[in-house]
Protein chains: 2
Amino acid sequence: MEPAYPQPLVMVDTALFTIRDERLRLILTRRKEPPFEGLLALPGGFVHAQEDADAEAAARRVIRGKIGFDAPYLEQLFTFSGVARDPRGWSVSVVYYALIPWSLLERNPSAEAFPVDGLPPLPFDHQQIVAKAVERLRGKATYSSLPAFLLPVEFTMNDLHRIYEQTIGTRLDKASFRHKILELDIIEEIPNRFRTGAHRPAQLYRLSSKVLTPFERKI
Amino acid sequence: MEPAYPQPLVMVDTALFTIRDERLRLILTRRKEPPFEGLLALPGGFVHAQEDADAEAAARRVIRGKIGFDAPYLEQLFTFSGVARDPRGWSVSVVYYALIPWSLLERNPSAEAFPVDGLPPLPFDHQQIVAKAVERLRGKATYSSLPAFLLPVEFTMNDLHRIYEQTIGTRLDKASFRHKILELDIIEEIPNRFRTGAHRPAQLYRLSSKVLTPFERKI
DNA sequence: CAGACTTATTTGTTTTTTACAAATAACAAA
DNA sequence: TTTGTTATTTGTAAAAAACAAATAAGTCTG
């Protein structure tokens with residue numbers, strides 16, 4: 001009882017988030033092949049039965065090819081499908097989004113990061129994909145440890161506070177934020193480690209060892 | 001630059017939730033064809049380029065075929081893929097979940113609803129799909145109007161309260177629940193309509209006219 | 001028809017959380 | 001030593017939630 005119907009092209013696309021200069025950004029890549037050769041677009045590729053166990057493995061392969069390593073946080077976003085989204089015809093794209101600290105990217109010249117609120121025009125339905133990815137990230141940021149995955153392993157309370165404000169897009173009370181985040185036990189002090197500057201040194205923190213995967217509770 | 005690779009089978013599966021006898025249930029269908037002919041499974045089918053604009057349209061088609069009308073609430077859940085999930089080979093399944101009041105189903109003899117915590121063994125990776133669907137539903141129930149879509153258009157505050165408790169799985173304070181739900185403005189009184197019984201009549205409510213799509217704020 | 005009974009709805013109080021405002025701490029540079 | 005600047009803590013007010021119980025509105029029973 002095999003279907004006699006033609007099957008669509010199956011691909012993956014990725015929305016790779018990072019934060020640089022206090023702004024939430026996406027990594028775009030310049031397309032080397034038609035269609036839309038030369039344009040900036042989300043990194044993506046076909047799912048290959050030989051190389052990939054599944055769509056997530058394909059996404060990881062695409063990301064490794066782009067930035068050279070695995071993303072600290074990766075999650076399936078949504079699957080886009082239809083005949084109109086790709087000029088080559090009927091297609092299905094399983095889209096993943098990932099969070100990557102800028103510190104891991106800055107020495108990679110192929111990783112160009114564009115502010116999410118000032119992206120160039122994007123081909124295919126990538127505009128729509130980006131909108132959905134940003135919406136998901138903002139939504140989850142409110143009640144999880146997700147934003148912490150945009151930071152390097154060591155960070156101060158203020159770093160974390162700013163990252164949350166940027167991804168959520170609203171102001172958060174300093175004292176309350178501190179309270180809640182510590183209560184949730186998602187981060188821990190690094191003993192005797194401080195960031196020094198021209199001012200009072202700031203305690204350095206890291207993600208709590210139990211929290212490898214994001215914590216879903218209200219921030 | 002067409003890919004020379006074989007493309008997988010692309011299908012949709014659906015997790016159709018309802019509540020009957022105070023229990024959260026899923027609609028299963030008996031498979032009429034191999035593989036797993038005769039077994040109970042999630043309703044599903046292939047995505048057909050000719051009939052469906054996209055995967056969501058295919059899901060709606062499957063649901064209409066199963067229950068005879070569109071589901072009041074439909075959302076994409078997740079896409080499952082791989083070579084092992086279907087004995088026919090490499091496949092991709094875009095899974096949707098839907099919420100349907102039992103009152104719309106009870107006269108449909110083909111709609112058999114099984115409690116989610118007492119399902120028969122399911123073929124393919126449907127066990128895994130169900131787990132993810134339940135998780136999503138429970139997660140969203142906490143901070144949205146989702147559970148209201150499991151009720152008929154007219155319901156009492158107690159109906160709603162019970163539905164929330166059942167989908168979330170925890171006890172909720174009656175007074176607080178009432179407060180919050182009314183504050184959120186997702187439901188409205190139906191003037192002069194009450195459910196009468198052997199006791200004090202209960203005010204009837206309906207989803208607020210603005211809320212056609214679920215409201216995402218903390219309950 | 002007067003309770004008794006049962007469910008609906010409201011009220012009050014306590015506890016917890018959050019917001020807002022300000023004080024204190026720790027350092028570097030002047 | 002004083003000033004500047006950021007980090008961290010503290011205190012108080014306001015809001016939300018949990019808990020407990022009273023009141024309301026009907027039906028049913030004797």
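Chain A is the first sequence line, chain B the second, and so forth, proteins listed ahead of strands; every chain is numbered from 1.
The listed nucleotides are D/dA18, D/dT6, C/dA19; the one nearest the side chain of B/Asp173 is D/dA18. For A/Met157, counting side-chain heavy atoms from C-beta on, the closest listed nucleotide (D/dA18, C/dT7, D/dT8) is D/dT8. Picking from D/dT8, C/dC27, D/dA17 the nucleotide with the shortest atom distance to the side chain of A/Arg178 gives D/dT8.
The interatomic distance linking B/Gln203 (CD) with C/dT9 (P) rounds to 7 Å, in whole Å. Between the NE2 atom of A/His161 and the P atom of C/dA19 there is a distance of 11 Å, rounded to whole Å. Rounded to whole Å, the distance from CZ on A/Phe177 to P on D/dT10 is 19 Å. The nearest whole Å value for the distance from the CD1 atom in A/Ile181 to the P atom in D/dT8 is 14 Å. To the nearest angstrom, P of D/dA20 lies 13 Å from CZ of B/Arg171.
Taking the nucleotide of DNA chain D with the nearest heavy atom to each of A/Lys174 and A/His199, the more 5' of the two is matched to A/His199. Summary of the strand contacts: A/Pro201 and B/Leu182 both lie near DNA chain C, and taking for each the nucleotide with the nearest heavy atom, the more 5' one is attributed to B/Leu182.
A/Asp54 pairs by the side chain to side chain contact (heavy atoms under 4.5 Å, CB included) definition with A/Glu56, A/Ala57, B/Ser81, not counting sequence neighbours. Partners of A/Phe80 under the ring-ring contact (aromatic ring centres under 6.0 Å, His included) rule, at least two apart in sequence or in another chain, are A/Phe78. Judged as a side-chain hydrogen bond (donor to acceptor under 3.5 Å, both in side chains), and not counting sequence neighbours, A/Arg138 has no contacts. In this structure B/Arg20 satisfies the salt bridge (charged side-chain N to carboxylate O under 4.0 Å, His left out) test with no other residue, sequence neighbours excluded. Not counting sequence neighbours, the partners of B/Glu165 by the salt bridge (charged side-chain N to carboxylate O under 4.0 Å, His left out) test are B/Arg171. With sequence neighbours excluded, the residues satisfying salt bridge (charged side-chain N to carboxylate O under 4.0 Å, His left out) with A/Arg85 are A/Asp13, A/Asp125. With sequence neighbours excluded, the residues satisfying ring-ring contact (aromatic ring centres under 6.0 Å, His included) with A/Phe36 are A/Phe124. Partners of B/Asp70 by salt bridge (charged side-chain N to carboxylate O under 4.0 Å, His left out), not counting sequence neighbours, listed by chain and number: B/Arg64.
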Taking only nitrogen or oxygen atoms into account, show me every contact under 3.5 Å that the protein makes with nucleotides 11-16 of chain D, one pair per line with its distance.
none

Under 3.5 Å, which N/O atoms of the protein pair with N/O atoms of nucleotides 23-25 of chain C?
residue: C/dA25; atom: N3; partner: A/Arg200; partner atom: NH1; Å: 3.1

Derivation and outcome, side-chain hydrogen bond (donor to acceptor under 3.5 Å, both in side chains), residues A/Glu75 and A/Tyr97: CA-CA 6 Å; A/Glu75 182 186 329; A/Tyr97 75 105; 3.0 Å; yes
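For the contact set between residues 189-198 of chain A and DNA chain D, defined by any heavy atom under 4.0 Å, the members are A/Ala198.
A salt bridge is absent between A/Glu154 and A/Arg195: the closest approach of a Lys/Arg side-chain nitrogen to an acidic carboxylate oxygen does not fall below 4.0 angstrom.
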Can you give me every donor-acceptor pair (side chain of residues 107-115 of chain A, partner residue at least two apart or in another chain, under 3.5 Å) with its distance?
residue: A/Asn108; atom: OD1; partner: A/Ser110; partner atom: N; Å: 2.9
residue: A/Asn108; atom: OD1; partner: A/Ser110; partner atom: OG; Å: 3.0
residue: A/Asn108; atom: ND2; partner: A/Lys66; partner atom: O; Å: 3.4
residue: A/Asn108; atom: ND2; partner: A/Ile67; partner atom: O; Å: 3.4
residue: A/Ser110; atom: OG; partner: A/Lys66; partner atom: O; Å: 3.4

